[in-house]
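Below is one structure, written out as structure tokens, with a few remarks after it.
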Amino acid sequence: MKTQNLIGNQYTDGSKTFRAINPSTGKELEGDFQVAGKEDVDKALALAEKAFAVYRNIDKDTKATFLLDIAAGVNAIGDQLIERAMAESGLPMGRLQGERGRTTGQLTMFANLVKEGSWVEAVIDNAQPDRQPAPRPDIRKLLVPMGPAVVFGASNFPLAFSVAGGDTASALAAGCPVIVKAHPAHPGTSALVAEAIKEAAQKNNLPEGVFSMLFDDGYAIGEALVKHPKTKIVTFTGSFRGGTALVKLAQQRQVPIPVFAEMGSINPTIILPEAIENRYQQIAEHYAASITLGAGQFCTNPGLLITVDSQSTGKFKEALGTAIAKIAPATMLTAGIHHNFEKLSAEVLSEQGVEVLGKSASENGTKSNQAVPLVAEVSVVDFLKNPKLSEEVFGPFSLLVVAASVVELEQVIAALQGQLTASVVADGEDLINYKDPINSLVTIAGRVILNNVPTGVEVVPSMQHGGPYPATSDGRFTSVGTGAIKRFVRPVAFQNWAPDLLPPELKDANPLGIWRSVDGVFTK
């Protein structure tokens, strides 16, 4: 395991070092990781800019093989990767083995996308020289990569949203070199994966600088990367505060650039009366498990439950409180995240009208940074007059709001800001009786779910993982699924170009055999 910064194919030292902390024990882990300097940022982006001139034109088969070789390299690290990730995150083996599979699966998905080739959305409108009153020129359009991309590793997914995660995979698939700012919570995990990417790049004879990774124990290097004039795009998964800070930095540049920041969500769930009447116990247990999954450290955690008062509401509340009480505390990813959870959950409980509905019956164990699962309750009146109750509490926490009528339910939904997800739990007549508030969820969420929990994000082309602000900085895009590639490209039209000068995707003979729109008809 290398502890240095990786700039192209070279490892470099920094002026100071830091160590990872095992959140389960609070103790330092092996490895003195080198903190990058501003000169490292300059070198990495100079190499990336130079590599972009070549990599943007690399043939699709080579690019696909590169992504597949990264996936194979990540798998080849074996148990060492899982063991280091467990030590740095406190996450269990099974979760991390699954996350490794998701990581390599994403790489394979983008390799297949690139190899097929139609993702460039080629459009051809042939010339009409005889059109009246004026001829129409030949115009052809496709998506092209934007340039060097900076990817911020996420704290809660040390593999799938990190060095070789979805952002890196989709950027490389698009033709953009990547500079990763490794998350300081899991530098060893990051280093192991970075080595696999370097080896895959060298194996495929790709230009040096197509990938680099820098360490930082604070914010200086991340800020320098965003402000650097050679950076063309930034992706981030984390807090609202962190995401908005990066967006502001990018907007303040002489040449502003896009920042695609996923910034959290409370993921409201509407649980309707007939469903509660029929299966209150099942729903309570299902949502208690979702609220506490992974110590609640998912951006899709159901942090707000909304129901309409009925004869069975009391039974549901009792069942939910009992289910939460049975769930043991769990170790959070870092001491900082645990401290923030303790602070924010305590603040919510101190707000007017908020009462504890259920709390883990277990006390904190002997391990450090353990969060106690908690569900609270508040009235619609108190919820609506207190914006703080709509803010995310990152961890095993949820707030239940009981509406007295459809009108109050609609008022609660109308008060919510943009969300990654919104869920509906309904049976039979519920879908008819509450049609309007259910339909309104489409206006605030990127993914609307029926009779299932929001935790668990499938990596498939149809997935939309992004929602209106403040869930993300731009709700038109997704960070999961093949659509994630669109964050790293822009459209370019070619007008009246000689056929032999056109990109292969736009040539009349269609040498790549991709799907294209030709004069309004999709065809190969």
- Task: Apply side-chain contact (heavy atoms from CB on, under 4.5 Å) to Leu29 and list each qualifying residue two or more places apart in sequence or on a separate chain.
- Result: Ala20, Asn22, Arg84, Ala87, Glu88
- Item | Under 3.5 Å donor-acceptor, Arg516 side chain and Val518 backbone | no
- Task: Taking the side chain as every heavy atom from C-beta outward, state whether Gln34 and Thr12 have any atom pair closer than 4.5 Å.
- Result: no
- Going by heavy atoms in the side chains, are Leu67 and Leu172 under 4.5 Å from each other? yes
- Residues that Phe211 engages under ring-ring contact (aromatic ring centres under 6.0 Å, His included), provided they are two or more places apart: none
- What pairs with Thr62 under side-chain hydrogen bond (donor to acceptor under 3.5 Å, both in side chains), at least two apart in sequence or on another chain? Asp59
- Can you name the closest pair of heavy atoms from Met332 and Pro396 and give their distance? CE-CD, 4.4 Å
- Thr168 side chain to Val163 backbone, donor-acceptor under 3.5 Å: yes
- Message: Among Leu441, Val457, Leu420, Asn267, exactly one meets side-chain contact (heavy atoms from CB on, under 4.5 Å) together with Arg447. Which residue is that?
- Response: Val457
Distance-only donor-acceptor pairs under 3.5 Å for side chains of residues 500-509, two or more places apart:
| residue | atom | partner | partner atom | Å |
| --- | --- | --- | --- | --- |
| Lys507 | NZ | Pro499 | O | 3.0 |
| Lys507 | NZ | Asp500 | O | 3.3 |
| Lys507 | NZ | Leu502 | O | 3.2 |
| Asp508 | OD1 | Arg140 | NH1 | 2.8 |
| Asp508 | OD1 | Arg140 | NH2 | 2.9 |

- Residue pair Met263 / Glu392: nearest heavy atoms and the distance that separates them: O-OE1, 4.2 Å
- For the pair Arg100 and Val74, evaluate side-chain contact (heavy atoms from CB on, under 4.5 Å) and give the outcome as yes or no after the intermediate values. CA-CA 8 Å; Arg100 178 175 58 188; Val74 170; 4.1 Å; yes
- Message: Ignoring hydrogens, what is the shortest heavy-atom contact between Ile221 and Asp216? Give both atom names and the distance.
- Response: N-OD2, 2.9 Å
- Indicate yes or no for a side-chain donor-acceptor contact from Lys63 to the backbone of Ala173 under 3.5 Å, with no hydrogens or angles considered. yes
- Item | Lys NZ or Arg CZ of Arg102 over Phe161 ring: under 6.0 Å, within 45° | no
- Taking side-chain contact (heavy atoms from CB on, under 4.5 Å) as the test, write out the residues that go with Ala48, two or more places apart. Pro148, Pro177, Ile179
- Message: Quick one, Thr231 and Val226 - any side-chain contact, counting heavy atoms below 4.5 Å?
- Response: no
- Message: For the backbone of Ala72 and the side chain of Asn75, can you confirm whether one donor and one acceptor N or O come within less than 3.5 Å of each other?
- Response: no
- Task: Please identify each residue that fulfils ring-ring contact (aromatic ring centres under 6.0 Å, His included) with Phe215, with sequence neighbours left out.
- Result: Phe33
- Message: Is a donor from one side chain sitting under 3.5 angstrom from an acceptor on the other, for Ser265 and Gln419?
- Response: yes
- Message: Closer than 3.5 angstrom, by distance alone: can the side chain of Thr334 be matched with the main-chain N or O of Ile337 as a donor-acceptor pair?
- Response: yes
- Considering only heavy atoms from C-beta outward, does the side chain of Phe488 approach that of Met146 to under 4.5 Å? no
- Donor-acceptor contact below 3.5 Å, side chain His338 vs main chain Ser368: no
- Ion pair check, Glu347 and Lys343, cut-off under 4.0 Å: yes
- Item | Pairwise side-chain contact, Thr244 with Tyr469, heavy-atom cut-off 4.5 Å (strictly under) | yes
- Item | Interatomic distance, Glu49 atom CD to His228 atom NE2 [nearest 0.5 angstrom] | 9.0 Å
- Message: Check whether Gln417 reaches the backbone of Pro470 with its side chain - one donor and one acceptor, N or O, closer than 3.5 Å.
- Response: no
- Taking the side chain from Asn510 and the backbone from Ile514, do they hold a donor-acceptor pair closer than 3.5 Å? yes
- Which heavy atom of Gly209 sits nearest a heavy atom of Leu47, and at what distance? CA-CB, 3.8 Å
- Query: To the nearest 0.5 Å, how far apart are CG in Leu45 and OG in Ser212?
  - Reply: 8.0 Å
- Message: Checking Arg136 against Asp519 for the salt bridge (charged side-chain N to carboxylate O under 4.0 Å, His left out) test, could you report, in this order, the C-alpha distance in whole Å, the side-chain angles of both residues, the deciding distance, and whether it holds?
- Response: CA-CA 12 Å; Arg136 187 178 82 180; Asp519 293 329; 3.5 Å; yes
- Note: Arg487 and Ser479 closest approach over all heavy atoms is NH1-CB, 3.6 Å
- Mind listing the closest non-hydrogen atom pair of Pro145 and Arg56 along with its distance? CG-CB, 3.8 Å
- Can Asp32 and Arg19 be counted as an ion pair, charged N to O under 4.0 angstrom? yes
- Note on the structure: Applying ring-ring contact (aromatic ring centres under 6.0 Å, His included) to Trp497 and not counting sequence neighbours gives Phe494
- Task: Could you give me the CA-CA distance, side-chain angles and deciding distance for Tyr11 and Asn5, then say whether side-chain contact (heavy atoms from CB on, under 4.5 Å) is met?
- Result: CA-CA 5 Å; Tyr11 288 98; Asn5 297 287; over 6 Å; no
- Going by the side chain to side chain donor-acceptor pair (under 3.5 Å) test, which pairs reach into residues 290-302, not counting sequence neighbours? Ser290-Thr455
- Partners passing side-chain hydrogen bond (donor to acceptor under 3.5 Å, both in side chains) against Arg95 (at least two apart in sequence or in another chain): Glu99
- Query: Is the number of heavy atoms from other residues, nucleotides or ligands within 6.0 Å of CD (Glu458) greater than 12?
  - Reply: no
- Asp474 bridged to Lys486 by N-O distance under 4.0 Å: no
- Task: Please assess Lys198 against Met213 for the test side-chain contact (heavy atoms from CB on, under 4.5 Å), listing each intermediate value before the final yes or no.
- Result: CA-CA 10 Å; Lys198 178 180 81 74; Met213 186 186 74; over 6 Å; no
- Message: Does Phe298 form a ring-ring contact (aromatic ring centres under 6.0 Å, His included) with Phe394? I'd like the steps, not just the answer.
- Response: CA-CA 8 Å; Phe298 290 96; Phe394 189 68; 8.7 Å; no
- Which residues share a side-chain hydrogen bond (donor to acceptor under 3.5 Å, both in side chains) with Ser118, sequence neighbours left out: Glu116
- Query: Side chains of Leu304 and Leu416: closer than 4.5 Å at any heavy-atom pair?
  - Reply: yes
- Message: Could you check whether any side-chain N or O of Ser170 sits under 3.5 Å from a backbone N or O of Ile485, counting only pairs where one atom can act as donor and the other as acceptor?
- Response: no
- Looking at side-chain heavy atoms only, is the closest gap between Met86 and Leu96 below 4.5 Å? yes
Counting only pairs under 3.5 Å, give me each side-chain donor-acceptor contact of residues 232-240, with atom names and distances, residues two or more places apart or in other chains.
| residue | atom | partner | partner atom | Å |
| --- | --- | --- | --- | --- |
| Thr235 | OG1 | Asp167 | OD2 | 3.0 |
| Ser239 | OG | Gly242 | N | 2.9 |

- Has the side chain of Thr269 got a donor or acceptor atom that lies under 3.5 Å from a matching backbone atom of Pro302? no
- Item | Under 3.5 Å side-chain donor-acceptor pair for Asp138 and Asn496 | no
- Message: Going by the rule ring-ring contact (aromatic ring centres under 6.0 Å, His included), which residues pair with Phe260 if we only count those two or more places apart in sequence or in a different chain?
- Response: Phe477
- Query: Side chains of Thr482 and Met109: does their closest heavy-atom pair fall under 4.5 Å?
  - Reply: yes
